[in-house]
Amino acid sequence: MCGAPGEYVGSVEAHFLPDDTAETDAAWIAQRVEELVKNGEPVRDGSSTRPVQYEDCCILLAARGDFLAYEEALTARGIPVYADARENLMEAAHIRPLISLLKVIDNPAQDIYLAAAMLGPMFGFTDDDLVRLRAQSAAMQKKVQEEQGAKETGKRASRMSLYGAVLQVVQNGDETPFTQKVKDFYDQLTALRRMARSAPAEQLLEEIFVSTGYLAALGVLENGAHRREDARRFAAFCAQTGANGISALVRAIDAAAQAGSTGQDTVPGGARPGCVTIMTIHRSKGLQFPVVFVGDTARHFNLSDTYQPVLLHREYGAGLRLRPEQGESMYKTAAYAALASVHAQETRSEQMRLLYVALTRAQDKLILTVPLGMTKTGNPFAKAAAFLAAGAGETLNQQAGSFADWLRAALLVHPFGGPLRRLAGDLELPFVFTESEIMVTVQEAQPEPETPEQEPEAAEPVPADPALVAQLQEGFAWRYPAAKLAAVPAKVSVTSIVHKAEQTTLERPAFLSKDGLTAAEMGTALHAFLEHADFASLAAAKAAGTLEEAILAERQRQVDTQLVAPEIAEKLNADRIRRFAESEAFAKICAAEKVLRELAFITALPASAVLTAQGASAQEAAAVQDEQVLVQGIADLVLVFPDHLELLDYKTDRRKTEADFLSAYRPQLNLYALAIDKRFAPKKVTYKGIYSLELGRLIEA
């Protein structure tokens, strides 16, 4: 019946195409539209019929992503087309400032939404205004800290929120045009927040329109009347969903934005005179056309919700994927598997309802395009026939991943589905009794053009132009003048330089280590302890003979003050720390005037030094003697003495000899020394040392 009321009987066609690309589908539909109009295919007009026109045709697709392919295919044949590109109201550029303001009214401590509201046409702030607001806030905060004496050495003030910056300007007594503008904004926002506590959402939106003049601002923009209507439609949505207060309204807005639909579309649906219409199936609800094409049937259902780490359901609760204590991959719990099955079933149910909508939009003629889906290794018709013959049609439906899967199975058992049963290789497959008539065709793939057996005779060679040959030779002989710099990076880290120079070695597995820990775990624990250790307390304990107790107490202090995570502190090797406190390296630390830990630097160094550290030859390094490279790194310890500097680096590697450490890390310390010399000039680094926590001694580099 094609969805038409009364006794009128329409026609249904199902055409199977050789592949599932949008271009093939669009090209075939465009050709069929041209044929229908050219042949004057009759469609109903009251009690009589008339020839079909372009505006009688509608192409229904599951999503808007492939609209362009169908537009181009129709346009290429000179067919006028209108793509009903619906825009979700929540994504409209002229509605987003309203959404941002509502979210700020609910919770002003949201910098992104507050900035969006202030920069919008409602309040007229500029980017420079927000930068100025931040700068003034930072200056005031610094001044207050200095006056209160709360500023601590090495401690940075926490970053204030944008709303906090607004409050700070409001509370300040300065009277300038800028501060007055900020105060006016604050007063207006405060009034709206106070109103939102008791007034309904519809009244709140009306007050926003009146107090900010937003509707007037929209009216002067391009297509202003349409934008004003969108704003009114958004206000209607808020009135329907905001009955339980501003917080409930914000949640409803977020849910609508995530769902991609609010029921308040910014472009009314329907056809355009003289044009073939392209629209989504969702968009076609409540509409009918004389001729309907249902295309893009191979698009896979969106089952991404069934792959999330946490699945939620309004009736069945929550399901989790968990990670085992020993392992990386996550496994599905029984609850998760059950909820994934429920979500998949609900998704397919919704898609089946959507397909029903598509199949009932045609008044006179319904035309389906379905890809064959035949591959060298798979035959979907044979698979479907096997399921249907075994009475497992329900299982086949539950495994469907697209409209095409359902359509193939349904048409396979239709009385007119003989061509499909031949493809399945099962002509005896029972079919369903029905009086409906469907024209089924199978479009064969176009054969590739055959190559001629005899190659055409080669044309006589044309003499070369000497001038052109000389020009080409000159061009191909050109060499990049700065080719020697191609291997020199513009910016590198010292660690990457050293790792490039040395060969990669595999770490000893944890189960082969005597203490059951990997080198990485022990190294992390040792570095974390030394980064935060109170060297003065350890020195005093060493002098008092209570070093071991002091090490354990220092470890606990770091855990209590949250300087080190407990799971890292537990892996600390206290014996190695004790040996370090008794070493020459610790004596140097205690003798220093100042100890700088984890000193980060970024500075320009000679490219020749960087290449040398990477293992380049002297000739390669000399070629870039005058160039500079930006080098970045972090030095473990820099000891500052009155007339010189000393550089120390901790290493936890399980290397056997001092020569191994020097070979691996001397280039790194040399680059550190160059950078630190440049930073602390005129003081120079006179000593470079590597302290091996594995060997328990200091190695001069």
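Quick caveat: nothing in here was measured; it's all calculated off a predicted structure. In this chain, residues are counted from 1 in sequence order.
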- For D129, salt bridge (charged side-chain N to carboxylate O under 4.0 Å, His left out) partners two or more places apart: K181

- Item | All side chain to side chain donor-acceptor pair (under 3.5 Å) counterparts of Q168, not counting sequence neighbours | S137

- Message: Taking salt bridge (Lys or Arg N to Asp or Glu O under 4.0 Å) as the cut-off, I'd like each qualifying pair that reaches into residues 93-105, sequence neighbours left out, listed once.
- Response: K103-D254

- Query: Residues two or more places apart in sequence or in another chain: which of them pass ring-ring contact (aromatic ring centres under 6.0 Å, His included) with F123?
  - Reply: F185

- Query: Who are the salt bridge (charged side-chain N to carboxylate O under 4.0 Å, His left out) partners of R134, not counting sequence neighbours?
  - Reply: D111

- Query: Considering residues at least two apart in sequence or located in another chain, which fulfil the salt bridge (charged side-chain N to carboxylate O under 4.0 Å, His left out) criterion with R353?
  - Reply: E350

- Pairs where residues 672-682 contributes a residue and the test salt bridge (Lys or Arg N to Asp or Glu O under 4.0 Å) is met, not counting sequence neighbours: none

- Query: Can you list the residues that meet the ring-ring contact (aromatic ring centres under 6.0 Å, His included) rule with F403, with sequence neighbours excluded?
  - Reply: F301

- Item | Contacts of type ring-ring contact (aromatic ring centres under 6.0 Å, His included), residue H300, not counting sequence neighbours | none

- Note on the structure: Those residues at least two apart in sequence (or on a different chain) that pass ring-ring contact (aromatic ring centres under 6.0 Å, His included) with F178 are none

- Message: Could you work out, with side chain to side chain donor-acceptor pair (under 3.5 Å) as the rule, every residue matching D20, not counting sequence neighbours?
- Response: none

- Task: Using salt bridge (charged side-chain N to carboxylate O under 4.0 Å, His left out) as the criterion, list what pairs up with E206, not counting sequence neighbours.
- Result: R232

